[in-house]
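Lettering follows sequence order; numbering is per chain, from 1.
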There are 2 protein chains.
Amino acid sequence: MARRKKYKFPKTTIERLSYYFRALEDLSKRGIDTVSSEALGGKLNIKSSQIRKDLSYFGDFGKRGMGYDVKYLLKELKYILGLDREWSVVIVGAGHIGAAMANYDSFGKRGFNIAAIFDNDEKKIGKEINGTPVLPYDNLDDFVKQNKIEMAIIAVPAAAAQAVADKLVESGVTAILNFAPVAVQLDENVRCLSVDLTTKLEALAYYMSYSQDKLWKIYS
Amino acid sequence: MARRKKYKFPKTTIERLSYYFRALEDLSKRGIDTVSSEALGGKLNIKSSQIRKDLSYFGDFGKRGMGYDVKYLLKELKYILGLDREWSVVIVGAGHIGAAMANYDSFGKRGFNIAAIFDNDEKKIGKEINGTPVLPYDNLDDFVKQNKIEMAIIAVPAAAAQAVADKLVESGVTAILNFAPVAVQLDENVRCLSVDLTTKLEALAYYMSYSQDKLWKIYS
DNA sequence: CGGCGTATGTTAAAATTTTCACATGGGTGA
DNA sequence: TCACCCATGTGAAAATTTTAACATACGCCG
């Protein structure tokens, strides 16, 4: 019921809240209106104690003996995650990944509106991707300022990423989702999360080689 | 020099090894052949002690007072990460994300060869994406078995992901990179990493709402 | 060839995160 | 209304991960 609780909590909690949110949406769609931490955890492969702890950082949302009211918890999570409003986002880079993001309809459903896509390529400029216009990279500055864009998705080659990030921040963007395989250096009041596709595959490769005992375990 | 060291290390270490690898590649390309943990950390926003610790799980690769030989460390990391061989991968789902993955050339450079893409859509079957054929989903089983595919990328809607994953595992795949926004339940000897695009944006939304003091901090 | 500067590898401490265990309180039915 | 069940919320313990600190070893220079 009461919202404010602890002031510090693990970084990983935020990510899990997002998982809870999605799972609850699914339950809600299926007409289920109450769920226990145990049941929710089963769906997500997360321990029930973890779920209760995560939620406890933000408030008391459940009823003892009963579990959580799905709709109520959804509303609260929506609020906590900042999803109770619309966010305007620009994508920089109209290549395959940029295009895939522009076509990713889940963003819209969550209130992330792709306002424009920016690229240097003459052949792409002026076209639309999933209804979103592709504009010249040179207009990025003005567009971000005029439309008060706060979030951006970087989908350009690694070599260009830092320059793009700098430009975005200078124009007023304060949150960046970066697909370029490079660590961009940013002011600390700008949030940047990276999605590193190669790294994920490499981690899988590691686990597989490991399981095949081809690793350092062999040598001494 | 010596390879085998500790047997347990943080899960996050593997991911960082992948970052080190890429940064070293970059240094190597630029003709730099020695690097200190301090310099490498500066490039990646990672503390030098973290780097030394990470590497120490696998062996002694540096020279005191000197740092690390870039080429040598690259070779060792390649070995540790299991990148000293080719991996055959299939993509399931020829939608925007599947297509983007098929077009992601970095995979090939790392030894991840996309052998085929599978989809149900008649209009897509028979075509090629970046030189890789799109085959009927019904052939997935046979193809994976015949070509001894070990890794797969799932890029289908959430509702289909579990069934696809089951089919892949049944056919012999033991590592999965999952783009579907759902937690797939798998046998524990199958490795599965998820890339959750919405979750990342949601985490950003959280951080931004937080910084704007619109969160639980307000209430009591 | 010995001392000096430097950056490693490691050990110990600190910080963070997860898990456990259980007291607590809401709801239900007699 | 009372007793019983159940699942929460939490405080403490365990596990994991990061950071700090430093002794050690390498190479260079005089």
>> Test salt bridge (Lys or Arg N to Asp or Glu O under 4.0 Å) on B:R22 and B:D26; report intermediate values, then the result.
In response: CA-CA 6 Å; B:R22 200 157 55 204; B:D26 188 50; over 6 Å; no
When you look at [atom1] of [X], are more than 12 heavy atoms from neighbouring residues, nucleotides or ligands closer to it than 6.0 Å?
X: A:K145; atom1: NZ; result: yes
X: B:E38; atom1: CD; result: no
X: A:K43; atom1: NZ; result: yes

Rounded distance (Å) that lies between atom [atom2] of [N] and atom [atom1] of [X]:
X: A:I51; N: D:dA7; atom1: CD1; atom2: C1'; answer: 13 Å
X: A:I14; N: C:dT16; atom1: CD1; atom2: P; answer: 16 Å
X: B:F61; N: D:dC26; atom1: CZ; atom2: P; answer: 16 Å
X: A:F9; N: D:dT10; atom1: CZ; atom2: P; answer: 16 Å
X: A:L55; N: C:dT17; atom1: CG; atom2: P; answer: 17 Å
X: B:Y72; N: C:dT8; atom1: OH; atom2: C1'; answer: 14 Å

> Would you call the rings of B:F9 and A:Y206 parallel, tilted or perpendicular, where under 30° means parallel and over 60° means perpendicular?
Replying inline: perpendicular
If you look only at distance, which donor and acceptor atoms sit under 3.5 Å apart when one is on a side chain in residues 106-113 of chain B and the other is two or more places apart or in another chain?
from   : atom 1 : to     : atom 2 : distance (Å)
B:R110 : NE     : A:E202 : OE2    : 2.2
B:R110 : NH1    : B:E25  : OE1    : 3.2
B:R110 : NH2    : B:E25  : OE1    : 3.2
B:N113 : ND2    : B:E86  : OE1    : 2.4

> Minimum heavy-atom separation for B:S37 to B:I51, with atom names?
Replying inline: O-CD1, 3.6 Å
What nitrogen or oxygen pairs link the protein and nucleotides 18-20 of chain D at under 3.5 Å?
from   : atom 1 : to    : atom 2 : distance (Å)
D:dT18 : OP1    : B:R16 : NH1    : 2.9
D:dT18 : OP2    : B:R16 : NH2    : 2.9
D:dT18 : O5'    : B:Q50 : OE1    : 3.4

> Are A:Y104 and A:N130 close enough, and set up right, to give a side-chain hydrogen bond (donor to acceptor under 3.5 Å, both in side chains), and what steps lead you there?
Replying inline: CA-CA 9 Å; A:Y104 197 62; A:N130 199 24; over 6 Å; no
Under 3.5 Å, which protein N or O atoms sit close to an N or O of nucleotides 23-28 of chain C? Give each pair with its distance.
from   : atom 1 : to    : atom 2 : distance (Å)
C:dT24 : O2     : A:R64 : NH1    : 2.3

>> With side chain to side chain donor-acceptor pair (under 3.5 Å) as the rule and sequence neighbours excluded, what pairs involving residues 167-177 of chain A come up?
In response: A:D141-A:S171
>> Check A:K200 with A:D196, please: is the shortest side-chain N to carboxylate O separation under 4.0 Å?
In response: no
> By a strict heavy-atom criterion of less than 4.0 Å, which residues belonging to residues 22-44 of chain B are in contact with DNA chain D?
Replying inline: none
> Got a sec, which residues hit side-chain hydrogen bond (donor to acceptor under 3.5 Å, both in side chains) with B:D84, two or more places apart in sequence or on another chain?
Replying inline: none
